[in-house]
Protein chains: 2
Amino acid sequence: MGPMPESRPYHHGDLRSTLLAGAERTLRDKGAGALSLRELAREAGVSHAAPGRHFKDKQALLNALALNGYDRLARVLEEADDPALPLQPRLTTLARAYLLFAIDNAELLELMYARKHDPESAEQMAVGVDRTVGLLGRVLSGAQQRGEIIEADPHHLTLTVGATLHGTATFTCGGMLGHEEALAGVDHVVHLLLHGLKPR
Amino acid sequence: MGPMPESRPYHHGDLRSTLLAGAERTLRDKGAGALSLRELAREAGVSHAAPGRHFKDKQALLNALALNGYDRLARVLEEADDPALPLQPRLTTLARAYLLFAIDNAELLELMYARKHDPESAEQMAVGVDRTVGLLGRVLSGAQQRGEIIEADPHHLTLTVGATLHGTATFTCGGMLGHEEALAGVDHVVHLLLHGLKPR
DNA sequence: ACCTGAACACCGTTCAAGT
DNA sequence: ACCTGAACACCGTTCAAGT
(Lines give C-alpha, C1' and ligand atoms only; values in the text may rest on other atoms or scores of the structure.)
Protein backbone atom coordinates (compact mmCIF):
# COMPACT_ATOMS: atom_id res chain seq x y z
CA MET A 1 0.00 0.00 0.00
CA GLY A 2 2.76 2.44 -0.87
CA PRO A 3 1.81 5.92 -1.99
CA MET A 4 0.73 6.19 -5.60
CA PRO A 5 3.26 7.99 -7.77
CA GLU A 6 2.19 11.61 -7.55
CA SER A 7 1.10 12.20 -11.11
CA ARG A 8 0.05 15.77 -10.35
CA PRO A 9 2.42 18.33 -8.88
CA TYR A 10 1.19 21.01 -6.52
CA HIS A 11 0.87 23.33 -9.47
CA HIS A 12 -1.43 21.76 -12.01
CA GLY A 13 0.27 23.61 -14.84
CA ASP A 14 -2.62 23.86 -17.25
CA LEU A 15 -5.65 24.09 -15.04
CA ARG A 16 -7.45 26.72 -17.09
CA SER A 17 -7.48 24.58 -20.24
CA THR A 18 -8.34 21.46 -18.25
CA LEU A 19 -11.33 23.19 -16.68
CA LEU A 20 -12.57 24.48 -20.02
CA ALA A 21 -12.19 21.07 -21.64
CA GLY A 22 -14.05 19.41 -18.78
CA ALA A 23 -16.77 22.04 -18.91
CA GLU A 24 -17.28 21.47 -22.61
CA ARG A 25 -17.60 17.75 -22.08
CA THR A 26 -20.09 18.19 -19.26
CA LEU A 27 -22.04 20.67 -21.37
CA ARG A 28 -22.29 18.16 -24.19
CA ASP A 29 -23.03 15.14 -21.98
CA LYS A 30 -25.25 16.49 -19.24
CA GLY A 31 -26.27 20.02 -20.15
CA ALA A 32 -25.58 23.46 -18.77
CA GLY A 33 -27.56 22.81 -15.63
CA ALA A 34 -25.12 20.12 -14.55
CA LEU A 35 -22.08 22.41 -14.76
CA SER A 36 -20.48 22.89 -11.36
CA LEU A 37 -17.14 24.50 -10.61
CA ARG A 38 -16.63 22.15 -7.70
CA GLU A 39 -17.28 19.13 -9.87
CA LEU A 40 -14.90 20.41 -12.53
CA ALA A 41 -12.26 20.95 -9.85
CA ARG A 42 -12.79 17.38 -8.64
CA GLU A 43 -12.40 16.01 -12.16
CA ALA A 44 -9.20 18.01 -12.55
CA GLY A 45 -7.88 16.64 -9.24
CA VAL A 46 -7.65 20.06 -7.68
CA SER A 47 -9.22 21.82 -4.71
CA HIS A 48 -12.66 23.37 -5.10
CA ALA A 49 -11.22 26.87 -4.72
CA ALA A 50 -8.62 26.48 -7.44
CA PRO A 51 -10.91 27.43 -10.36
CA GLY A 52 -11.31 30.83 -8.73
CA ARG A 53 -7.70 31.63 -9.70
CA HIS A 54 -8.53 31.26 -13.40
CA PHE A 55 -12.15 32.41 -13.58
CA LYS A 56 -13.37 35.17 -11.35
CA ASP A 57 -16.75 33.45 -11.14
CA LYS A 58 -18.86 30.84 -12.86
CA GLN A 59 -20.15 33.30 -15.44
CA ALA A 60 -16.57 34.03 -16.49
CA LEU A 61 -16.08 30.35 -17.30
CA LEU A 62 -19.35 30.28 -19.24
CA ASN A 63 -18.23 33.35 -21.19
CA ALA A 64 -14.93 31.69 -22.02
CA LEU A 65 -16.82 28.64 -23.25
CA ALA A 66 -19.04 30.81 -25.43
CA LEU A 67 -16.08 32.67 -26.94
CA ASN A 68 -14.48 29.31 -27.66
CA GLY A 69 -17.69 28.31 -29.40
CA TYR A 70 -17.67 31.39 -31.63
CA ASP A 71 -14.12 30.55 -32.63
CA ARG A 72 -15.01 27.01 -33.59
CA LEU A 73 -18.20 28.05 -35.38
CA ALA A 74 -16.35 30.69 -37.40
CA ARG A 75 -13.73 28.10 -38.39
CA VAL A 76 -16.38 25.56 -39.36
CA LEU A 77 -18.20 28.07 -41.55
CA GLU A 78 -15.02 29.34 -43.17
CA GLU A 79 -13.95 25.82 -43.99
CA ALA A 80 -17.38 24.96 -45.36
CA ASP A 81 -17.59 28.03 -47.56
CA ASP A 82 -16.79 27.53 -51.22
CA PRO A 83 -16.63 30.84 -53.12
CA ALA A 84 -16.53 28.97 -56.41
CA LEU A 85 -20.12 27.79 -55.92
CA PRO A 86 -23.14 29.66 -57.31
CA LEU A 87 -25.15 31.54 -54.71
CA GLN A 88 -27.84 29.01 -53.93
CA PRO A 89 -25.64 25.94 -53.37
CA ARG A 90 -23.13 28.14 -51.57
CA LEU A 91 -25.77 29.32 -49.10
CA THR A 92 -27.11 25.78 -48.78
CA THR A 93 -23.64 24.52 -47.87
CA LEU A 94 -23.25 27.23 -45.24
CA ALA A 95 -26.72 26.58 -43.85
CA ARG A 96 -26.00 22.87 -43.60
CA ALA A 97 -22.70 23.53 -41.83
CA TYR A 98 -24.44 25.82 -39.34
CA LEU A 99 -27.17 23.29 -38.70
CA LEU A 100 -24.63 20.51 -38.17
CA PHE A 101 -22.72 22.66 -35.70
CA ALA A 102 -25.96 23.47 -33.89
CA ILE A 103 -26.93 19.80 -33.65
CA ASP A 104 -23.48 18.83 -32.41
CA ASN A 105 -23.26 21.73 -29.95
CA ALA A 106 -26.81 22.48 -28.95
CA GLU A 107 -26.09 23.44 -25.35
CA LEU A 108 -23.02 25.43 -26.31
CA LEU A 109 -24.98 27.36 -28.93
CA GLU A 110 -27.57 28.26 -26.31
CA LEU A 111 -24.77 29.59 -24.15
CA MET A 112 -23.42 31.59 -27.08
CA TYR A 113 -26.76 33.30 -27.67
CA ALA A 114 -27.62 33.76 -23.99
CA ARG A 115 -28.29 37.31 -22.93
CA LYS A 116 -25.24 38.66 -21.12
CA HIS A 117 -26.01 41.02 -18.32
CA ASP A 118 -22.66 42.72 -17.82
CA PRO A 119 -21.68 45.10 -20.63
CA GLU A 120 -18.08 43.89 -20.66
CA SER A 121 -18.85 40.31 -21.72
CA ALA A 122 -21.65 41.57 -23.96
CA GLU A 123 -19.00 43.32 -26.04
CA GLN A 124 -16.83 40.21 -26.24
CA MET A 125 -19.84 38.28 -27.46
CA ALA A 126 -20.61 40.94 -30.05
CA VAL A 127 -17.15 40.38 -31.51
CA GLY A 128 -17.82 36.66 -31.68
CA VAL A 129 -21.16 37.19 -33.34
CA ASP A 130 -19.62 39.53 -35.88
CA ARG A 131 -17.09 36.89 -36.80
CA THR A 132 -19.82 34.39 -37.59
CA VAL A 133 -22.38 36.63 -39.28
CA GLY A 134 -19.55 38.46 -41.02
CA LEU A 135 -18.97 35.60 -43.42
CA LEU A 136 -22.65 35.44 -44.31
CA GLY A 137 -22.65 39.21 -44.78
CA ARG A 138 -19.74 39.07 -47.21
CA VAL A 139 -21.36 36.30 -49.23
CA LEU A 140 -24.60 38.27 -49.50
CA SER A 141 -22.87 41.58 -50.27
CA GLY A 142 -20.90 39.91 -53.03
CA ALA A 143 -24.05 38.43 -54.53
CA GLN A 144 -25.71 41.80 -54.25
CA GLN A 145 -22.89 43.48 -56.20
CA ARG A 146 -23.28 40.88 -58.91
CA GLY A 147 -26.97 41.72 -59.05
CA GLU A 148 -27.98 38.24 -57.93
CA ILE A 149 -30.06 39.48 -55.01
CA ILE A 150 -32.14 42.58 -54.46
CA GLU A 151 -30.69 45.90 -53.41
CA ALA A 152 -31.55 46.39 -49.77
CA ASP A 153 -29.63 47.15 -46.61
CA PRO A 154 -27.10 44.28 -46.66
CA HIS A 155 -26.90 44.25 -42.88
CA HIS A 156 -30.63 43.75 -42.71
CA LEU A 157 -30.55 41.00 -45.32
CA THR A 158 -27.80 39.25 -43.40
CA LEU A 159 -29.71 39.37 -40.13
CA THR A 160 -32.86 38.04 -41.77
CA VAL A 161 -31.06 35.14 -43.43
CA GLY A 162 -29.13 34.50 -40.23
CA ALA A 163 -32.36 34.57 -38.23
CA THR A 164 -33.93 31.97 -40.51
CA LEU A 165 -30.93 29.67 -40.18
CA HIS A 166 -30.72 30.14 -36.43
CA GLY A 167 -34.44 29.68 -35.96
CA THR A 168 -34.30 26.46 -37.95
CA ALA A 169 -31.42 25.30 -35.78
CA THR A 170 -33.34 26.19 -32.62
CA PHE A 171 -36.41 24.30 -33.74
CA THR A 172 -34.27 21.32 -34.66
CA CYS A 173 -32.33 21.25 -31.40
CA GLY A 174 -35.57 21.82 -29.49
CA GLY A 175 -36.92 18.60 -30.91
CA MET A 176 -39.57 20.05 -33.21
CA LEU A 177 -37.72 18.64 -36.22
CA GLY A 178 -35.77 15.43 -36.51
CA HIS A 179 -32.09 15.91 -37.30
CA GLU A 180 -32.16 14.15 -40.66
CA GLU A 181 -35.47 15.78 -41.49
CA ALA A 182 -33.96 19.20 -40.79
CA LEU A 183 -30.78 18.54 -42.75
CA ALA A 184 -32.83 17.28 -45.67
CA GLY A 185 -35.00 20.40 -45.49
CA VAL A 186 -32.09 22.84 -45.70
CA ASP A 187 -32.33 22.99 -49.50
CA HIS A 188 -35.98 23.97 -49.32
CA VAL A 189 -35.32 26.62 -46.68
CA VAL A 190 -32.61 28.27 -48.76
CA HIS A 191 -34.77 28.02 -51.86
CA LEU A 192 -37.60 29.69 -49.99
CA LEU A 193 -35.29 32.47 -48.81
CA LEU A 194 -34.09 33.15 -52.33
CA HIS A 195 -37.40 32.84 -54.19
CA GLY A 196 -39.96 33.73 -51.56
CA LEU A 197 -43.34 32.27 -50.69
CA LYS A 198 -45.20 33.99 -53.48
CA PRO A 199 -45.58 32.25 -56.81
CA ARG A 200 -43.53 33.79 -59.61
CA MET B 1 -45.71 45.07 20.81
CA GLY B 2 -48.76 42.86 20.37
CA PRO B 3 -48.70 40.18 17.75
CA MET B 4 -49.43 41.32 14.23
CA PRO B 5 -52.82 40.22 12.99
CA GLU B 6 -52.10 36.88 11.37
CA SER B 7 -52.84 37.69 7.75
CA ARG B 8 -51.95 34.18 6.62
CA PRO B 9 -53.62 31.07 7.98
CA TYR B 10 -51.73 27.82 8.36
CA HIS B 11 -53.03 26.79 4.99
CA HIS B 12 -52.05 29.35 2.41
CA GLY B 13 -55.02 28.51 0.25
CA ASP B 14 -53.63 29.42 -3.13
CA LEU B 15 -49.94 28.66 -2.83
CA ARG B 16 -49.56 27.16 -6.26
CA SER B 17 -50.76 30.28 -8.07
CA THR B 18 -48.79 32.52 -5.72
CA LEU B 19 -45.60 30.61 -6.46
CA LEU B 20 -46.18 30.75 -10.20
CA ALA B 21 -46.92 34.46 -10.10
CA GLY B 22 -43.83 35.13 -8.03
CA ALA B 23 -41.73 33.00 -10.34
CA GLU B 24 -42.93 34.91 -13.37
CA ARG B 25 -42.06 38.21 -11.72
CA THR B 26 -38.58 36.98 -10.76
CA LEU B 27 -38.07 35.62 -14.25
CA ARG B 28 -38.90 39.01 -15.76
CA ASP B 29 -36.96 41.07 -13.20
CA LYS B 30 -33.86 39.03 -12.49
CA GLY B 31 -33.72 36.18 -14.99
CA ALA B 32 -34.03 32.43 -14.81
CA GLY B 33 -30.76 32.06 -12.94
CA ALA B 34 -32.17 33.95 -9.97
CA LEU B 35 -35.15 31.62 -9.56
CA SER B 36 -35.07 29.78 -6.25
CA LEU B 37 -37.81 27.71 -4.69
CA ARG B 38 -36.70 28.78 -1.24
CA GLU B 39 -36.84 32.44 -2.19
CA LEU B 40 -40.29 32.00 -3.71
CA ALA B 41 -41.43 30.28 -0.52
CA ARG B 42 -40.07 33.20 1.51
CA GLU B 43 -41.92 35.72 -0.66
CA ALA B 44 -45.09 33.72 -0.23
CA GLY B 45 -44.59 33.67 3.55
CA VAL B 46 -44.41 29.92 3.69
CA SER B 47 -41.84 27.33 4.71
CA HIS B 48 -39.13 26.34 2.25
CA ALA B 49 -40.55 22.83 1.97
CA ALA B 50 -44.07 23.95 1.10
CA PRO B 51 -43.48 24.35 -2.67
CA GLY B 52 -42.69 20.63 -2.77
CA ARG B 53 -46.39 19.92 -2.18
CA HIS B 54 -47.32 21.69 -5.43
CA PHE B 55 -44.33 21.02 -7.66
CA LYS B 56 -42.47 17.76 -7.41
CA ASP B 57 -39.24 19.58 -8.18
CA LYS B 58 -37.92 22.81 -9.61
CA GLN B 59 -38.21 21.59 -13.18
CA ALA B 60 -41.92 20.97 -12.64
CA LEU B 61 -42.36 24.63 -11.74
CA LEU B 62 -40.37 25.70 -14.79
CA ASN B 63 -42.54 23.46 -16.97
CA ALA B 64 -45.69 25.01 -15.51
CA LEU B 65 -44.28 28.46 -16.27
CA ALA B 66 -43.54 27.44 -19.85
CA LEU B 67 -47.01 26.00 -20.40
CA ASN B 68 -48.43 29.21 -19.01
CA GLY B 69 -46.31 31.09 -21.52
CA TYR B 70 -47.64 29.05 -24.44
CA ASP B 71 -51.16 29.87 -23.31
CA ARG B 72 -50.48 33.59 -23.21
CA LEU B 73 -48.59 33.56 -26.49
CA ALA B 74 -51.40 31.70 -28.23
CA ARG B 75 -53.92 34.22 -26.88
CA VAL B 76 -51.78 37.17 -27.96
CA LEU B 77 -51.44 35.82 -31.48
CA GLU B 78 -55.11 34.94 -31.79
CA GLU B 79 -56.10 38.43 -30.68
CA ALA B 80 -53.61 40.04 -33.04
CA ASP B 81 -54.73 38.03 -36.04
CA ASP B 82 -57.10 39.75 -38.44
CA PRO B 83 -58.41 37.35 -41.10
CA ALA B 84 -59.84 40.30 -43.04
CA LEU B 85 -56.34 41.55 -43.88
CA PRO B 86 -54.50 40.62 -47.07
CA LEU B 87 -51.71 38.11 -46.58
CA GLN B 88 -48.72 40.42 -46.27
CA PRO B 89 -50.13 42.84 -43.68
CA ARG B 90 -51.71 39.92 -41.87
CA LEU B 91 -48.36 38.16 -41.53
CA THR B 92 -46.70 41.44 -40.59
CA THR B 93 -49.21 41.94 -37.80
CA LEU B 94 -48.61 38.43 -36.49
CA ALA B 95 -44.85 38.86 -36.72
CA ARG B 96 -44.99 42.14 -34.82
CA ALA B 97 -47.16 40.55 -32.12
CA TYR B 98 -44.70 37.68 -31.74
CA LEU B 99 -41.75 40.05 -31.56
CA LEU B 100 -43.49 42.18 -28.94
CA PHE B 101 -44.25 39.10 -26.87
CA ALA B 102 -40.63 37.99 -27.20
CA ILE B 103 -39.31 41.38 -26.10
CA ASP B 104 -41.69 41.49 -23.14
CA ASN B 105 -41.05 37.88 -22.13
CA ALA B 106 -37.51 37.14 -23.24
CA GLU B 107 -36.58 34.88 -20.34
CA LEU B 108 -39.92 33.10 -20.44
CA LEU B 109 -39.58 32.46 -24.16
CA GLU B 110 -36.17 30.92 -23.58
CA LEU B 111 -37.77 28.62 -21.01
CA MET B 112 -40.49 27.73 -23.49
CA TYR B 113 -37.97 26.68 -26.13
CA ALA B 114 -35.57 24.97 -23.71
CA ARG B 115 -34.83 21.36 -24.47
CA LYS B 116 -36.79 19.17 -22.12
CA HIS B 117 -35.07 15.99 -21.09
CA ASP B 118 -37.95 13.96 -19.74
CA PRO B 119 -40.34 12.70 -22.42
CA GLU B 120 -43.42 13.50 -20.34
CA SER B 121 -42.88 17.25 -20.24
CA ALA B 122 -41.56 17.17 -23.79
CA GLU B 123 -45.01 16.08 -24.89
CA GLN B 124 -46.74 18.83 -22.92
CA MET B 125 -44.47 21.34 -24.58
CA ALA B 126 -45.21 19.90 -28.01
CA VAL B 127 -48.89 20.63 -27.40
CA GLY B 128 -48.03 24.22 -26.49
CA VAL B 129 -45.89 24.63 -29.58
CA ASP B 130 -48.64 23.24 -31.76
CA ARG B 131 -51.06 25.79 -30.36
CA THR B 132 -48.79 28.67 -31.36
CA VAL B 133 -47.51 27.45 -34.72
CA GLY B 134 -50.98 26.14 -35.49
CA LEU B 135 -52.34 29.61 -36.11
CA LEU B 136 -49.48 30.43 -38.46
CA GLY B 137 -50.02 27.13 -40.22
CA ARG B 138 -53.71 27.86 -40.79
CA VAL B 139 -52.95 31.32 -42.16
CA LEU B 140 -50.41 29.91 -44.59
CA SER B 141 -52.59 26.97 -45.62
CA GLY B 142 -55.45 29.35 -46.33
CA ALA B 143 -53.24 31.56 -48.46
CA GLN B 144 -51.97 28.49 -50.24
CA GLN B 145 -55.50 27.38 -51.12
CA ARG B 146 -56.18 30.83 -52.55
CA GLY B 147 -53.05 30.45 -54.67
CA GLU B 148 -51.32 33.36 -52.94
CA ILE B 149 -48.28 31.32 -52.03
CA ILE B 150 -46.47 28.47 -53.67
CA GLU B 151 -47.56 24.88 -53.37
CA ALA B 152 -45.18 23.16 -51.03
CA ASP B 153 -45.48 21.12 -47.86
CA PRO B 154 -47.46 23.55 -45.66
CA HIS B 155 -45.88 22.16 -42.52
CA HIS B 156 -42.48 22.92 -43.93
CA LEU B 157 -43.51 26.42 -44.98
CA THR B 158 -44.87 27.08 -41.52
CA LEU B 159 -41.70 25.93 -39.80
CA THR B 160 -39.54 28.07 -42.08
CA VAL B 161 -41.63 31.19 -41.53
CA GLY B 162 -41.78 30.43 -37.82
CA ALA B 163 -38.01 29.93 -37.74
CA THR B 164 -37.45 33.32 -39.35
CA LEU B 165 -39.72 35.05 -36.84
CA HIS B 166 -38.22 33.21 -33.90
CA GLY B 167 -34.67 33.82 -35.08
CA THR B 168 -35.41 37.51 -35.42
CA ALA B 169 -36.85 37.51 -31.90
CA THR B 170 -33.77 35.69 -30.57
CA PHE B 171 -31.40 38.16 -32.21
CA THR B 172 -33.45 41.05 -30.85
CA CYS B 173 -33.63 39.72 -27.31
CA GLY B 174 -29.95 38.81 -27.48
CA GLY B 175 -29.11 42.44 -28.06
CA MET B 176 -27.98 42.19 -31.67
CA LEU B 177 -30.84 44.44 -32.71
CA GLY B 178 -32.41 47.34 -30.89
CA HIS B 179 -36.06 46.82 -29.98
CA GLU B 180 -37.39 49.69 -32.10
CA GLU B 181 -35.01 48.79 -34.89
CA ALA B 182 -36.33 45.23 -34.87
CA LEU B 183 -39.99 46.26 -34.76
CA ALA B 184 -39.41 48.69 -37.61
CA GLY B 185 -37.71 45.94 -39.60
CA VAL B 186 -40.59 43.49 -39.33
CA ASP B 187 -42.15 44.79 -42.54
CA HIS B 188 -38.94 44.14 -44.44
CA VAL B 189 -38.55 40.66 -42.99
CA VAL B 190 -42.06 39.65 -44.03
CA HIS B 191 -41.58 41.23 -47.43
CA LEU B 192 -38.38 39.27 -47.85
CA LEU B 193 -40.12 36.03 -46.86
CA LEU B 194 -42.87 36.59 -49.39
CA HIS B 195 -40.79 37.88 -52.30
CA GLY B 196 -37.39 36.31 -51.69
CA LEU B 197 -33.87 37.68 -52.00
CA LYS B 198 -33.69 37.27 -55.75
CA PRO B 199 -34.74 40.17 -57.97
CA ARG B 200 -37.99 39.61 -59.83
C1' DA C 1 2.25 32.69 -9.23
C1' DC C 2 -0.65 29.10 -7.98
C1' DC C 3 -3.10 26.13 -4.93
C1' DT C 4 -5.33 24.43 -0.25
C1' DG C 5 -8.63 24.19 3.65
C1' DA C 6 -11.89 26.10 6.26
C1' DA C 7 -15.70 29.05 6.46
C1' DC C 8 -20.00 31.40 4.99
C1' DA C 9 -24.27 31.85 2.98
C1' DC C 10 -26.86 29.90 0.05
C1' DC C 11 -29.36 25.91 -2.70
C1' DG C 12 -33.01 21.51 -3.82
C1' DT C 13 -35.06 17.58 -1.84
C1' DT C 14 -36.87 14.46 1.61
C1' DC C 15 -39.50 13.12 5.58
C1' DA C 16 -41.28 12.72 10.07
C1' DA C 17 -44.27 15.43 12.55
C1' DG C 18 -47.68 18.88 13.24
C1' DT C 19 -52.66 21.38 12.15
C1' DA D 1 -55.03 17.86 2.38
C1' DC D 2 -51.59 21.01 3.37
C1' DC D 3 -47.74 22.86 5.79
C1' DT D 4 -43.45 22.92 9.16
C1' DG D 5 -38.71 22.03 10.88
C1' DA D 6 -34.82 19.58 10.80
C1' DA D 7 -31.63 17.13 8.12
C1' DC D 8 -28.73 15.90 4.10
C1' DA D 9 -25.93 16.62 0.36
C1' DC D 10 -24.81 19.72 -2.51
C1' DC D 11 -23.51 24.65 -4.45
C1' DG D 12 -20.41 29.47 -5.43
C1' DT D 13 -17.33 32.59 -3.36
C1' DT D 14 -13.85 34.39 -0.23
C1' DC D 15 -9.57 34.44 2.24
C1' DA D 16 -5.88 33.35 5.20
C1' DA D 17 -2.33 30.23 4.83
C1' DG D 18 0.69 27.10 2.57
C1' DT D 19 4.35 25.64 -1.49
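Fair warning: this is a prediction, and the values are worked out from it, not measured in the lab. Every heavy atom of this structure was used, including side-chain atoms; hydrogens, water molecules and symmetry mates were not. In the text below, chain A, chain B and the rest are named by the order of the sequence lines, each starting its count at 1.
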What is the distance, to the nearest angstrom, from the NZ atom on A/K58 to the C1' atom on C/dC11? 11 Å
Check the side chains of B/T26 and B/D29 for a donor-acceptor pair under 3.5 angstrom, ignoring hydrogens and angles. no
Whole angstrom value for the distance that separates P of C/dC3 from CZ of A/R16: 13 Å
Could you state the atom-to-atom distance from CZ of B/R38 to C1' of C/dT14 in whole Å? 11 Å
Phosphate OP1/OP2 of D/dC10: any A/S36 side-chain N/O under 4.0 Å: no
Whole-Å distance between C/dG12 C1' and B/L19 CG? 14 Å
Heavy atoms only: give me the nearest B/M176-A/V133 pair and the separation to one decimal. CE-CG1, 4.5 Å
Closer to the 5' end of DNA chain D via nearest nucleotide, is it B/L15 or B/H48? B/L15
So does B/R42 pair up with B/E39, basic N to acidic O under 4.0 Å? yes
Reckon B/R42 touches a base, only the sugar-phosphate, or nothing at all at heavy-atom distances under 4.0 Å? sugar-phosphate
Atom-to-atom span, CD of B/E39 to P of D/dC11 - whole angstrom: 21 Å
Watson-Crick or G-U wobble partner of D/dA16, both distances under 3.5 Å: C/dT4
Determine: side-chain N/O of B/H54 to OP1/OP2 of D/dC3, distance under 4.0 Å, yes or no. yes
From C-beta outward on A/A49, which listed nucleotide comes closest to its side chain: D/dT14, D/dG12, D/dG5? D/dT14
Salt bridge check: are B/R28 and B/D104 linked by an N-O gap of less than 4.0 Å? no
Salt bridge present between B/R90 and B/D81 (N-O < 4.0 angstrom): yes
Which one is paired to C/dA9, where only Watson-Crick or G-U wobble pairs with both distances under 3.5 angstrom count? none
Could you state the CG-P distance from B/L61 to C/dG12, rounded to the nearest angstrom? 10 Å
Could you tell me the separation between the CG atom of A/D57 and the C1' atom of D/dT14, rounded to a whole number of Å? 12 Å
Could you tell me whether the side chain of B/R53 has a donor or acceptor atom within less than 3.5 Å of a complementary atom in the base of D/dT4? no
Comparing B/L35 and A/S47 on DNA chain C - which has the more 5′ nearest nucleotide: A/S47
What is the distance, to the nearest angstrom, from the CD atom on B/Q59 to the P atom on C/dC11? 18 Å
